[in-house]
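Since this is a predicted model, take the numbers as computed values, not measurements. Ligands are counted one by one from 1 in listed order, and the atoms in each one are counted from 1 as well. Atom set for the values below is all heavy atoms of this structure, side chains included, hydrogens, waters and symmetry mates excluded.
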Amino acid sequence: MTQFALARVPAIVFGAGRIASLGEDVTEVAGSGARVLVVADSGVSALGMTAQVAAAIQAGGHTAVVFDDIQSNPKESQVRTAIGLAQSKGATAVVCLGGGSAVDAGKLIAATARCDDDVTAFRLAARPLPASGLAKICIPTTAGTGSETTAVSVLSDDSGVKYWYWGSALKADRVVLDPELTVALPAHLTAATGVDALVHAIEACTNRNAFAANDLYGLEAIRLVGRHLATAVAEPGDLAARGGMLLAAAFAGIAIDNAGTALAHNIAHALGSLVPIHHGRAVAIAMAATLEWNVEGNAQGFAKVAEALGLGRDPKRLPAWFDRFVRSVGIKVSLADEAKGVDAAVLARRMASPENAAMRAANVRPVTDEDLEPLAGMVLSAG
Ligand SMILES: [Fe+2]
């Protein structure tokens, strides 16, 4: 019998307008009269959501201090500044509000705020994160990265080099999924983040670490994306579609928390280090270009994905479906305008680099050294 470990899933509360009860959520995770640091990105604040969240916290009898300087590709230096604020205000809880960047940063702020060591001491899990972090609630305003349900944060140093932080101390104590917070997300970001969630789920269900108990989350995430993403893109105010996508992203986050990703994420991370491209679009392009190759070496794994998408148990139908799907939600698949100067050999070298090795090794069809350049070529010549 196969051994597996299904990690802790944070408590998840869901509902349109659910944010209004946030004060009660804070009481449950941090007690009454909590001092809450709200970590948000500036875009979310501009839409009035940070003020809405702070008001809901205060309505529960707590105090709220806002730090809303988080940008995409969040920096360790911002985490350091926010920790200083948390310490000076005696914060006892952190509410992480925004896309993956704000949630990643907020989780790390909460985990290390009571610690005297600089945050960088915990890069790449060099040291275990302290067990005595602040209570944290994650409230995603995009439906994509799944950071709200994972034990990972990714932060950059000031020169842009990315570092992974990992540990159960980065898990949320509670996740609040409120579809009303995602209706303002523009169509191109709805599509790119939604496909990121889909690729998380597909890769978690089909890689070497996949197991049946985790497939419950991954396959349901795949069904939800298949059912809801096109509507969320075309009709941004459709709360059923927005809610379906929030659940999909959270479930896909659980799936990668247990099983990780594979080839498409290996390529997307390599590509993202060479070309300024949204991560969701990068995984969409990478999977569209290489899925036929990958299905050839793992028909059984991909059969269940095909089934979840209503394609029978025929994995051969999957590559054409995926390509059509990503184009139908408006993702531009060709890199011709953006990747000038990046040839297959350069991309292949990045795919082989140590920080991308685990994703490559997890792929069921072995990705040999000889495979790298042809695979990179497929991605760069997609059109
Ligand atoms: Fe991803």
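Side chains of L129 and L108 form a contact here, defined as non-hydrogen atoms less than 4.5 Å apart.
Under 4.0 Å is where a charged nitrogen must lie from a carboxylate oxygen, and between D196 and R281 no such pair does.
Under the side chain to side chain donor-acceptor pair (under 3.5 Å) criterion, the residue pairs touching residues 339-351 are S273-R350, with sequence neighbours excluded.
Within 6.0 Å of the CD atom in Q71, the count of heavy atoms belonging to other residues, nucleotides or ligands exceeds 12.
Residues H278 and H188 place their aromatic rings such that the two centres sit no closer than 6.0 Å.
Neighbours of the Fe ion (ligand 1) restricted to protein N, O or S atoms under 2.8 Å: the count is 4.
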T150 and K107: side-chain hydrogen bond (donor to acceptor under 3.5 Å, both in side chains), yes or no, with the steps?
CA-CA 10 Å; T150 73; K107 287 180 355 181; 3.3 Å; yes
